[in-house]
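No hydrogens, no waters, no symmetry mates; every other heavy atom, side chains included, goes into these values. Computed from a predicted structure; not experimentally measured.
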Amino acid sequence: MQITYEVPDFNEHHYQDKAPVRKSARPWAMVHARSVKKAVLLCHGFTGYPGELIRPGIDLFAAGFDVYCPRYPGHGTSAKDFLASKAEDWIGTAYDAFAYLAQRYDHVSLVGHSMGGAIAAIIADAFDADALALLAPALVIPSLPVTQVRVLRHFVKRRKVAWQADPDYHFHHEGDADDDAFLGSQYWSYQYPKGIWELERVRRQAVACIDHLAADTLSISGGKDPTIPQEASVLATSKSKGVNKHLHIPEAGHLMPYDKNMDAQNEAMAAVVAWMEGKR
């Protein structure tokens with residue numbers, strides 16, 4: 001795997017994390033030795049981290065693209081950092097990364113997972129990108145307790161939820177042995193009303209972009225996704241502009257870039273690469 005962690009600091013103008021970045025959460029890039037004209041920007045999800053998107057990076061790099069995956073402020077460090085960061089920091093980091101790539105490549109496309117799909121849609125609209133691939137985009141989230149969170153974010157810091165590591169997931173990233181356990185203790189063992197409200201702010205901004213989003217858009221939904229329903233992909237691909245396709249994979253869950261079902265994971269990744277290659 002040809003990967004570098006020496007990437008520009010796309011967080012420079014946004015919230016500065018106080019805790020160290022976990023090894024698996026480092027921003028990364030896969031860049032060919034010889035200059036290429038096309039790049040893809042990958043956008044990770046809410047409470048996620050860049051290491052989760054190594055698989056699409058590997059496949060896109062093999063197809064001839066340079067690939068970059070920034071890390072949003074507040075992600076992959078600590079719960080304290082997470083609560084100090086905002087939607088503007090997350091979106092702004094992706095915006096700055098795309099602006100950097102747009103100055104260096106003839107064509108820049110985006111791939112986003114979950115909240116990263118919403119952020120990718122916002123960035124694609126802002127820069128009039130040619131191509132966009134969304135994996136379970138967080139455009140419709142039925143379980144999001146928006147009404148409650150609007151009030152609770154001012155009074156409740158966090159709520160304990162059940163979480164434990166799932167050994168059936170096999171990650172593609174390079175990390176420390178305790179990364180999953182540490183990140184689980186910081187991010188996935190609690191609900192953070194303030195963080196959820198920031199997610200809702202991202203979601204609303206992304207939905208507002210859909211009607212005038214011109215990028216050719218592929219959106220993939222999973223039949224075993226407990227978080228994002230098919231309606232999110234229908235919304236993303238029902239727009240009037242561009243060439244749009246909704247691919248539903250019945251056996252795919254929410255975490256498609258490292259889905260437990262390898263057939264579903266492979267199908268999703270192959271579809272993303274084909275879309276980036278212009279196969280409509």
Is there side-chain contact between [X] and [Y], with heavy atoms separated by less than 4.5 Å?
{"X": "T227", "Y": "S114", "value": "no"}
{"X": "Y68", "Y": "M30", "value": "no"}
{"X": "Q16", "Y": "P73", "value": "no"}
{"X": "K241", "Y": "L213", "value": "no"}
{"X": "I119", "Y": "T93", "value": "no"}
{"X": "H75", "Y": "W90", "value": "yes"}

> With ring centroids as reference points, do F46 and F82 lie under 6.0 angstrom apart?
Replying inline: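 F46 vs F82: aromatic centres under 6.0 Å.
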
> Are the aromatic rings of Y187 and Y192 close, with centres under 6.0 Å apart?
Replying inline: no

Under 3.5 Å: donor-acceptor pair, side chain of [X], backbone of [Y]:
{"X": "K86", "Y": "E88", "value": "no"}
{"X": "Q2", "Y": "V31", "value": "yes"}
{"X": "D216", "Y": "V243", "value": "yes"}
{"X": "D259", "Y": "G253", "value": "yes"}
{"X": "N244", "Y": "S238", "value": "no"}
{"X": "E198", "Y": "A87", "value": "yes"}
{"X": "Q148", "Y": "V146", "value": "no"}
{"X": "D179", "Y": "D176", "value": "yes"}
{"X": "H113", "Y": "H254", "value": "yes"}
{"X": "S109", "Y": "V40", "value": "no"}

> How about H246 and S221: does a side-chain donor come under 3.5 Å of a side-chain acceptor?
Replying inline: yes

>> When you compare the side chains of D96 and H13, does any donor N or O come within less than 3.5 Å of an acceptor on the partner?
In response: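 No, no side-chain donor-acceptor contact under 3.5 Å.
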
How close do [X] and [Y] get, heavy atom to heavy atom, and via which atoms?
{"X": "P27", "Y": "P70", "result": "CB-CA, 4.0 Å"}
{"X": "A94", "Y": "I123", "result": "CB-CG1, 3.9 Å"}
{"X": "A271", "Y": "I220", "result": "CB-CD1, 4.1 Å"}
{"X": "A232", "Y": "I228", "result": "CB-CG2, 3.5 Å"}
{"X": "L235", "Y": "I210", "result": "O-CG2, 3.6 Å"}
{"X": "M276", "Y": "A131", "result": "CE-CB, 4.1 Å"}

>> Between K38 and Y105, does the side-chain contact (heavy atoms from CB on, under 4.5 Å) criterion hold? Intermediate values first, please.
In response: CA-CA 6 Å; K38 296 184 178 181; Y105 294 87; 5.8 Å; no

> Tell me the ring pair (Phe, Tyr, Trp, His ring centres under 6.0 Å) pairs involving residues 137-166, sequence neighbours left out?
Replying inline: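 Pairs touching residues 137-166 that pass the test: W163-W188.
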
Co-membership, hydrophobic cluster, residues [X] and [Y], 4.5 Å side-chain:
{"X": "I141", "Y": "Y190", "answer": "yes"}
{"X": "L218", "Y": "I122", "answer": "no"}
{"X": "I91", "Y": "Y15", "answer": "no"}
{"X": "L41", "Y": "L132", "answer": "yes"}

> For R22 and D178, what are the C-alpha separation, side-chain angles and deciding distance, and is it a salt bridge (charged side-chain N to carboxylate O under 4.0 Å, His left out)?
Replying inline: CA-CA 10 Å; R22 300 296 296 193; D178 65 338; 2.7 Å; yes

Show which side-chain atoms of residues 49-64 pair as donor or acceptor with protein atoms under 3.5 Å away, not counting sequence neighbours.
unit_1	atom_1	unit_2	atom_2	d
Y49	OH	H173	NE2	3.2
E52	OE1	Y49	N	3.4
E52	OE2	Y258	OH	3.0
R55	NE	D59	OD1	3.2
R55	NE	D59	OD2	3.1
R55	NH1	Q265	OE1	2.8
R55	NH1	N266	OD1	2.9
R55	NH2	D59	OD2	3.1
R55	NH2	N266	OD1	3.1

> Is there a side-chain contact (heavy atoms from CB on, under 4.5 Å) between E174 and I3 once you walk through the steps?
Replying inline: CA-CA 10 Å; E174 300 171 334; I3 188 168; 4.1 Å; yes

> Can the positive tip of K260 be found less than 6.0 Å from the middle of the six-membered ring of Y169, inside 45° of the ring normal?
Replying inline: yes

> So with a 6.0 Å cut-off around NZ of K245, is the heavy-atom count from everything else above 12?
Replying inline: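 No, the 6.0 Å shell around NZ holds no more than 12 heavy atoms from other groups.
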
> Salt bridge between D17 and R71, side-chain N to carboxylate O under 4.0 Å?
Replying inline: yes

> Would S24 and L183 count as a side-chain contact (heavy atoms from CB on, under 4.5 Å) if you check the C-alpha gap in whole Å, the side-chain angles of each, and the deciding distance to 0.1 Å?
Replying inline: CA-CA 10 Å; S24 62; L183 294 173; 4.0 Å; yes

>> Run the salt bridge (Lys or Arg N to Asp or Glu O under 4.0 Å) test against E277 and tell me which residues pass, sequence neighbours left out.
In response: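 Here the qualifying residues are K279.
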
>> Is there a side-chain contact (heavy atoms from CB on, under 4.5 Å) between F171 and D180? Walk through the geometry before answering.
In response: CA-CA 10 Å; F171 301 103; D180 197 48; 4.0 Å; yes

